[in-house]
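All remarks here apply to the structure that follows.
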Amino acid sequence: MQQFNYPTTIFFGEGAVKRLASIIANRGHKHLLLVTDATLVGLGVAADVAETLRSSGAEVTVFDQVHPNPIEDDVELGTAACKEQGCDAIVALGGGSPMDVAKVIKFMSTHDGPLAQYEDRLGGDSLIVNPMPPVYAIPTTAGTGSEVGRSSVVTLKATQKKTIFFAPQLMPDIAVLAPELTIGLPAHITAATGIDAFTHCLEAWFAPGFHPMADGIAQEGIKICLDYLPRCVEDGKDLDARGKMLMAATMGATAFQKGLGMIHSLAHPLSVHFGLHHGLTNALLLPASVEFLEASALTDAQRARLAEIHRLFKIRGMAGDTLSASCRQWFEKLGVGFGLAQHGIPEDRLEFLADEAFDDPCHGTNMIPVSRDDLLATYRKAL
């Protein structure tokens with residue numbers, strides 16, 4: 001017996017934020033905590049969204065102390081602000097980091113600490129039982145898909161590890177996909193976040209297990225990324241392409257309820273310990289990870305999975321000799337500079353990173369099982 005879940009309400013298109021404001025008014029919320037980051041405050045995006053939300057009649061408190069890779073302090077400060085202001089709803093505005101922090105503030109605002117006890121691997125979801133304020137998510141990047149996700153990733157102080165918090169109740173009540181909010185994103189961030197969406201779709205497609213709905217969504221998401229991410233990078237004001245990539249990101253996060261894989265396990269420690277953008281780390285490690293799969297003893301069905309995605313590159317005239325080569329060539333055209341060493345990763349840290357990657361749970365749903373030495377070899381390949 002299996003359970004499949006696709007319940008998120010999505011407002012898509014220009015003007016979707018105004019639609020959210022009307023819903024907030026109808027629901028009678030009095031005080032909103034707008035969780036965002038300093039960059040969006042500096043650009044004026046947070047102020048514009050806050051003004052629209054105030055049209056609902058609710059007060060808005062802006063909390064912008066969110067790191068690019070969220071840490072436990074972000075959650076503690078945000079939770080304190082939520083309680084002190086008596087907020088009865090939370091609005092997440094930004095990339096994956098504000099959304100992840102907002103979802104953890106959601107349960108920490110009505111549950112006792114410490115945060116570590118709610119870790120997914122410890123069965124912490126069973127402790128999330130109290131009523132909680134709703135979260136409404138407004139992504140400004142097309143990558144993580146956290147606006148439709150049931151989990152958050154936050155680095156804990158005690159362990160310095162990216163830690164997953166998962167519970168169905170963490171899913172935002174409404175996801176607002178407004179392409180006009182992504183127009184100001186620089187080309188290199190557009191590429192990195194878009195590759196994150198592509199990676200989610202690819203790893204979901206590769207993940208073992210029976211989930212035909214996730215497979216269908218993942219494959220369609222890959223097609224959208226191939227067709228529209230280059231347009232977004234070339235012309236950041238292309239609203240049609242921006243909207244399509246927002247949808248691809250949402251689709252990727254919907255699909256990866258089937259699972260992720262070794263790419264994410266390899267990528268996570270680079271963000272925690274070296275501060276690299278998550279989408280960039282996926283880009284740097286994806287070709288070497290796919291090359292590892294291509295060189296492995298796969299079943300005919302598994303090889304067919306790789307061949308199907310390679311076919312999508314071929315029919316678009318984008319294919320190299322292999323799927324891994326096709327991905328690398330495409331990423332290079334999007335502006336990715338390969339080589340972990342070129343991004344400040346020293347060779348003498350690879351053993352440590354391999355230990356961290358093997359401890360990461362994402363590779364548990366890799367297409368094939370991987371060992372710590374497999375992960376180390378892939379790091380070396382990507383160096």
Side-chain angles (χ1 to χ4, degrees), residues 6-64 66 78 81-82 85-103 105-106 133-149 171-185 190 193 197 224 228 232 236-251 253-254:
Y6 292 87
T8 312
T9 297
I10 298 170
F11 296 159
F12 175 79
E14 292 186 73
V17 180
K18 291 182 179 179
R19 173 62 177 152
L20 175 63
S22 69
I23 292 295
I24 287 171
N26 291 339
R27 294 184 177 181
H29 294 308
K30 302 300 183 186
H31 200 139
L32 311 175
L33 182 71
L34 180 61
V35 180
T36 186
D37 58 45
T39 298
L40 290 173
V41 170
L43 291 171
V45 175
D48 290 344
V49 170
E51 183 179 355
T52 301
L53 295 175
R54 289 189 181 101
S55 69
S56 69
E59 292 185 53
V60 179
T61 293
V62 177
F63 173 75
D64 66 354
V66 175
C82 188
Q85 298 298 325
C87 297
D88 56 2
I90 302 167
V91 179
L93 173 70
S97 297
M99 285 188 278
D100 279 4
V101 171
K103 285 187 277 187
I105 291 172
K106 172 177 179 167
V135 169
Y136 306 110
I138 309 173
T140 60
T141 65
T144 68
S146 188
E147 65 274 6
V148 295
M171 180 180 292
D173 289 50
I174 296 173
V176 177
L177 309 185
E180 67 271 21
L181 295 180
T182 67
I183 285 177
L185 208 63
T190 296
T193 53
I224 292 173
Y228 291 98
C232 288
K237 296 182 179 180
D238 186 334
L239 273 178
D240 178 55
R242 288 289 194 184
K244 294 297 196 305
M245 282 306 301
L246 276 171
M247 189 56 70
T250 294
M251 293 166 71
T254 302

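- Each salt bridge (Lys or Arg N to Asp or Glu O under 4.0 Å) pair with one or both residues in residues 40-53, not counting sequence neighbours, would appear here, but there are none.
- Closest non-hydrogen pair, Gly94 versus Met99, comes out as O-CE, 3.7 Å.
- Note that CG of Leu20 and OG of Ser56 are 8.5 Å apart. Values are rounded to the nearest 0.5 Å.
- The two residues Asp37 and Pro98 have their closest heavy-atom pair at OD2-CG, 4.0 Å.
- At distances below 3.5 Å, not a single donor-acceptor pair connects side-chain atoms of Asp64 with backbone N or O atoms of Thr36.
- Atom CG of Leu40 is separated from atom CG of Leu181 by 9.0 Å, given to the nearest 0.5 angstrom.
- Formation of a donor-acceptor pair under 3.5 Å by the Arg242 side chain with backbone atoms of Lys237 is not found in this model.
- Here the closest heavy-atom approach between residue Gly96 and residue Thr141 is recorded as N-OG1, 4.5 Å.
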Legend entry - side-chain contact (heavy atoms from CB on, under 4.5 Å) between Phe12 and Thr250, intermediate numbers included: CA-CA 11 Å; Phe12 175 79; Thr250 294; over 6 Å; no
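- Residues Leu177 and Pro139 have side chains in contact (heavy-atom distance under 4.5 Å, counting atoms from C-beta outward).
- Evaluated for a side-chain contact (heavy atoms from CB on, under 4.5 Å) with Val60, the options Leu32, Ile24, Val91 yield exactly one hit, Leu32.
- Note that the CG atom of Asp88 and the CG atom of Leu33 stand 10.5 Å from one another [nearest 0.5 Å].
- The minimum heavy-atom distance linking Gly145 with Ala253 is given by the pair O-CB, 3.0 Å.
- Here the OG1-CD distance, from Thr8 to Glu147, works out to 8.5 Å after rounding to the nearest 0.5 Å.
- Every residue two or more places apart in sequence or in another chain that forms a ring-ring contact (aromatic ring centres under 6.0 Å, His included) with Tyr136 is listed here: His29.
- Considering CG of Leu246 and OG1 of Thr140, their distance stands at 9.0 Å, rounded to 0.5 Å.
- In plain terms, the two heavy atoms of Ala16 and Val176 that are nearest each other are CB-CG1, 3.5 Å.
- How far NZ of Lys244 is from CG of Asp238: 9.0 Å, rounded to the nearest 0.5 Å.
- Across all non-hydrogen atoms, the minimal contact from Pro179 to Thr182 is O-OG1, 2.8 Å.
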